[in-house]
Amino acid sequence: MSDVTHALREAVLAALSRIGVDDAEVAIQEVPADKPGDYGTPVAFTLARTLRRNPAQIAGELVEALELPAGIERADAVGPYINFHVDAGAFVAGVVASERAPADARPKVVLEHTSVNPNKEAHVGHLRNIVLGDACARILRAAGHEVEVQNYIDDTGRQAAESLFAKDYFDAAHDGSRKYDHWLGELYVRLGDAKADDADAIEAGVSAVMHRLERGELRAEVERVVRSQLETFHALGAEYDLLVWESDVVHGGFLKRGLDVLEASPYVSRPTEGKYAGALVMDVSSFLPGLEEPNVVLVRSDGNAMYVAKDIGYQFWKAGIFEGLSFRPFEVQPSGASLYTSAPEGETHPDGRTFAHGAEIINVIDVRQSHPQTLVRTALALSGTDEGERAFRNSHHLAYEVVTLEGQPMSGRKGITLSIDEALAEATRRARAVVEEKNPGLASIDEVARQVGLGALRFGMLKSEARKIIDFRWEQALSLQGDSAPYVQYAHARACSILRAAAAEGVQREEADFAALGPLEVRLAQVIARLPEVIATAARELAPHLVAQYALDLATAWNGYYNHKGPDGRPDTQVLKAEPGLRGARLALVDRVRSTLAEALALLGIGAPDEM
RNA sequence: GCGCCCGUAGCUCAGCCGGAUAGAGCGUUCGCCUCCGGAGCGAAAGGUCACAGGUUCGAAUCCUGUCGGGCGCACCA
């Protein structure tokens with residue numbers, strides 16, 4: 001909530017107590033464009049019932065009782081609404097000068113995203129995961145959280161084993177002409193086809209590789225895939241704090257440690273008779289009421305653990321219930337930030353860092369994993385530990401829907417797939433063609449095309465809610481107009497252009513006469529003033545689309561302002577041609593529009609070029 | 001069968017902890033560069049907010065039910 005809306009709420013509450021109402025919900029909202037006033041409240045409605053009086057009368061009475069906060073010119077009852085008129089100059093000056101208060105320090109969040117199998121190139125289904133997770137990390141940090149981004153590497157799974165075995169099976173060597181993960185992915189697909197003729201030999205070979213993987217003998221092989229995939233993730237603008245390798249989790253004994261914790265729980269038992277005789281089961285019914293079958297098998301009667309049990313151990317570690325991993329630096333990422341990795345030969349606190357111990361745990365995983373994710377979360381509650389209970393209350397499965405391709409479910413088998421690298425290259429290519437046409441001779445064209453293409457791609461993944469299925473279509477995903485990142489970027493570049501011209505004329509530091517501003521500037525400033533609340537809500541609800549929609553709102557408001565014409569049909573919001581003083585005030589506002597657009601885009605991991 | 005999610009304009013979506021005449025983009029039609037960047041702006045057309053009840057001064061928004069669609073529910077990983 002902005003300073004002004006906060007002050008208005010306080011003023012209304014004070015007026016309420018003056019007329020004898022002590023407690024009420026006071027919503028302060030922007031008034032519709034065609035109604036008088038700038039901010040308003042419908043609070044009189046809510047009081048109508050308890051006071052048993054006409055809301056319009058109450059509104060009138062409240063207006064009488066109001067003491068207007070600084071910067072508010074007037075309050076009127078408009079029917080049952082109370083509408084406030086801000087002092088344009090003071091309001092805009094306040095918005096322009098407002099500094100982002102450093103957000104209060106909030107609890108540490110362990111956020112897992114990406115977690116792509118290390119056996120082939122990532123595709124646009126993964127793109128949604130990465131972009132969502134990365135945007136959430138940025139938004140949570142902006143909201144004051146410490147965020148540790150983890151990327152889980154399943155290096156003991158069947159998929160990794162098949163790809164690595166395929167290299168031997170086909171006696172293939174990477175010649176460097178293709179990106180390594182793509183090359184390996186093709187072998188993986190070929191191996192799948194070859195199973196039709198040679199199933200037994202392949203099965204035996206894959207199985208042998210799986211055992212070697214579990215012993216950690218093929219770490220370097222897997223690492224090569226991981227590094228190749230990381231190139232793609234970095235190209236997307238995503239960075240991580242820690243890679244957690246499944247083989248390290250295995251050797252860290254997380255499975256056993258997790259089970260040890262759970263076995264102390266009254267909800268976990270080992271029945272000696274009935275259908276679960278000999279198995280270790282967890283009764284989740286008191287946390288998940290309404291289940292037909294309250295028992296979840298953690299360890300089978302043959303002694304083999306279920307996959308969820310391993311996952312539970314990992315989540316326990318994230319919450320700080322136990323330790324057991326060591327770490328070392330893995331690489332320096334494009335931004336200069338260090339990426340660490342779990343490693344058998346590492347240290348507990350490399351460079352003084354402490355990993356895990358999340359007070360909140362966020363897992364970005366697609367919606368089809370909802371059931372196992374619920375079980376994992378429930379296990380935190382059953383752990384009987386303070387850390388587990390805290391993490392249980394604050395753990396979230398960010399369940400996002402799938403991405404389809406031109407209306408069809410993605411399927412490697414049917415060849416319905418699209419790699420992130422291809423999508424990114426095509427997006428950049430298209431953006432470049434447009435930049436060349438619109439702005440020939442632009443010196444930084446490569447970088448601009450990259451930012452615009454990537455922006456379009458990321459924005460398409462972020463602009464709607466996570467629970468909506470996204471159908472990836474080229475024209476839509478790479479659209480450079482309408483509801484898109486380039487639309488916002490264009491608005492930003494246009495603001496930059498004005499500021500550049502002002503600098504060239506030597507007026508960029510001109511003294512501002514904010515009193516010369518009017519309602520058009522107030523409208524624009526109101527949108528700017530919304531950002532802090534948007535960030536707070538987006539962080540609380542893990543909803544980056546709110547930020548994306550906000551960026552569109554601000555760009556639209558700014559474009560509308562920029563193109564505004566007076567009753568005579570002439571532009572009436574020109575900046576550089578305005579009188580001195582007014583010009584200074586408008587320049588200050590434009591500069592704030594510019595920085596706010598850039599900030600909103602940055603929260604989505606999208607760059608804002610000065611020219612495009 | 002049970003559980004979760006979705007259903008808003010021709011298409012893709014916002015709006016959803018109740019509030020002013022339900023908003024965008026794409027597509028269609030018309031208009032706007034002697035004016036700081038037309039990747040833009042303005043306007044027109046397009047809606048029984050799936051349906052039926054209920055709660056309320058007020059429901060796209062909350063509750064119940066129905067219909068349609070998607071996903072998930074192993075001693076698999």
Side-chain angles (χ1 to χ4, degrees), chain A residues 25 27 29 31-32 34-35 40-46 48-49 54-55 78-81 83 154 156-159 275-281 288 290-293 295-308 310 366-372 374 399 401-402 431 434-435 437-439 452 460 463-465 467-471 473 475-476 479-484 486-491 493-502 505 545-546 548-549 552-553 555-556 558-565 569-578 583 586-587 590 611-612:
Chain A
E25 287 286 308
Q29 48 200 215
V31 311
D34 54 347
K35 294 286 184 300
T41 177
V43 68
F45 278 115
T46 31
R49 170 141 64 166
N54 177 332
V78 180
Y81 290 92
N83 286 2
D154 182 3
T156 64
R158 179 161 195 100
Q159 321 237 28
K275 71 191 268 205
Y276 293 119
L280 186 70
V281 300
L288 301 172
L291 287 183
E292 288 177 52
E293 172 52 70
N295 289 306
V296 174
V297 174
L298 297 173
V299 180
R300 293 186 286 178
S301 48
D302 64 8
N304 288 315
M306 302 287 289
Y307 189 81
V308 271
K310 201 191 302 186
D366 79 67
V367 68
R368 294 170 301 193
Q369 296 297 316
S370 291
H371 182 63
T374 304
E401 262 293 356
V402 296
V434 174
V435 177
E437 179 203 329
K438 308 266 185 189
N439 199 348
V452 172
K463 72 179 176 188
S464 52
E465 293 180 284
R467 58 170 174 265
K468 295 265 162 95
I469 293 171
I470 291 181
D471 188 31
R473 290 184 233 161
E475 336 84 81
Q476 218 168 281
S479 168
L480 305 185
Q481 49 181 20
D483 284 344
S484 70
Y487 174 84
V488 181
Q489 290 169 318
Y490 181 76
R494 173 185 261 167
C496 289
S497 171
I498 292 172
L499 295 164
R500 255 195 319 276
E505 291 174 27
H545 82 279
L546 297 175
Q549 295 292 335
L552 291 173
D553 279 354
T556 299
W558 159 231
N559 281 334
Y561 176 81
Y562 174 89
N563 282 297
H564 197 271
K565 292 184 174 56
R570 307 285 301 169
D572 60 354
T573 52
Q574 287 185 305
V575 178
L576 297 175
K577 291 182 179 150
R583 176 174 59 193
R586 284 179 174 169
L587 276 170
V590 170
E611 298 178 73
M612 60 189 278

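Below, chains carry the letters A, B, ... as their sequence lines are ordered, and counting in each starts from 1. Just so it is clear, the structure is predicted and the values come from calculations on it, not from any experiment. Both backbone and side-chain heavy atoms feed into the values below; hydrogens, waters and symmetry mates do not.
The environment of Glu25(A) atom CD is sparse: at most 12 non-hydrogen atoms of other residues, nucleotides or ligands sit within 6.0 angstrom.
For Arg158(A), no side-chain nitrogen or oxygen approaches OP1 or OP2 of A77(B) to under 4.0 Å. The phosphate of C13(B) has neither OP1 nor OP2 within less than 4.0 Å of any side-chain N or O from Ser464(A). Listed pair Lys438(A) / A39(B) meets the phosphate criterion, a side-chain N or O lying under 4.0 Å from OP1 or OP2. At A77(B), none of the side-chain N or O atoms of Tyr307(A) fall inside 4.0 Å of OP1 or OP2 (strictly under the cut-off). Residue Asn559(A) has a polar side-chain atom (N or O) positioned under 4.0 Å from OP1 or OP2 of C41(B). Between Arg473(A) and C26(B) there is no side-chain N or O to OP1 or OP2 distance below 4.0 Å. Phosphate proximity of C13(B) to His545(A): absent, as no side-chain N or O sits under 4.0 Å from OP1 or OP2. Contact between the side-chain N/O atoms of Tyr487(A) and the OP1/OP2 oxygens of G38(B) is not found at any separation under 4.0 Å.
Stacking is found between Tyr81(A) and the pyrimidine-like six-membered ring of the A20(B) base under the 5.5 Å centre-distance and 30° plane-angle cut-offs.
Of the candidate nucleotides C11(B), G15(B), G70(B), G70(B) has the atom nearest to the side chain of Glu401(A). Candidate nucleotides C5(B), A14(B), G19(B) were compared by shortest atom distance to the side chain of Phe45(A), and G19(B) ranks first. Picking from G37(B), C6(B), A14(B) the nucleotide with the shortest atom distance to the side chain of Arg467(A) gives C6(B).
Comment: Glu465(A) engages Arg467(A) in a salt bridge, judged by a side-chain N to carboxylate O separation of less than 4.0 angstrom.
Glycosidic conformation at C33(B) (O4'-C1'-N9-C4 for purines, O4'-C1'-N1-C2 for pyrimidines): syn, within 90° of 0.
Of the possible donor and acceptor atoms, one in the side chain of Asn563(A) sits under 3.5 Å from a partner among the backbone N and O of Asn559(A).
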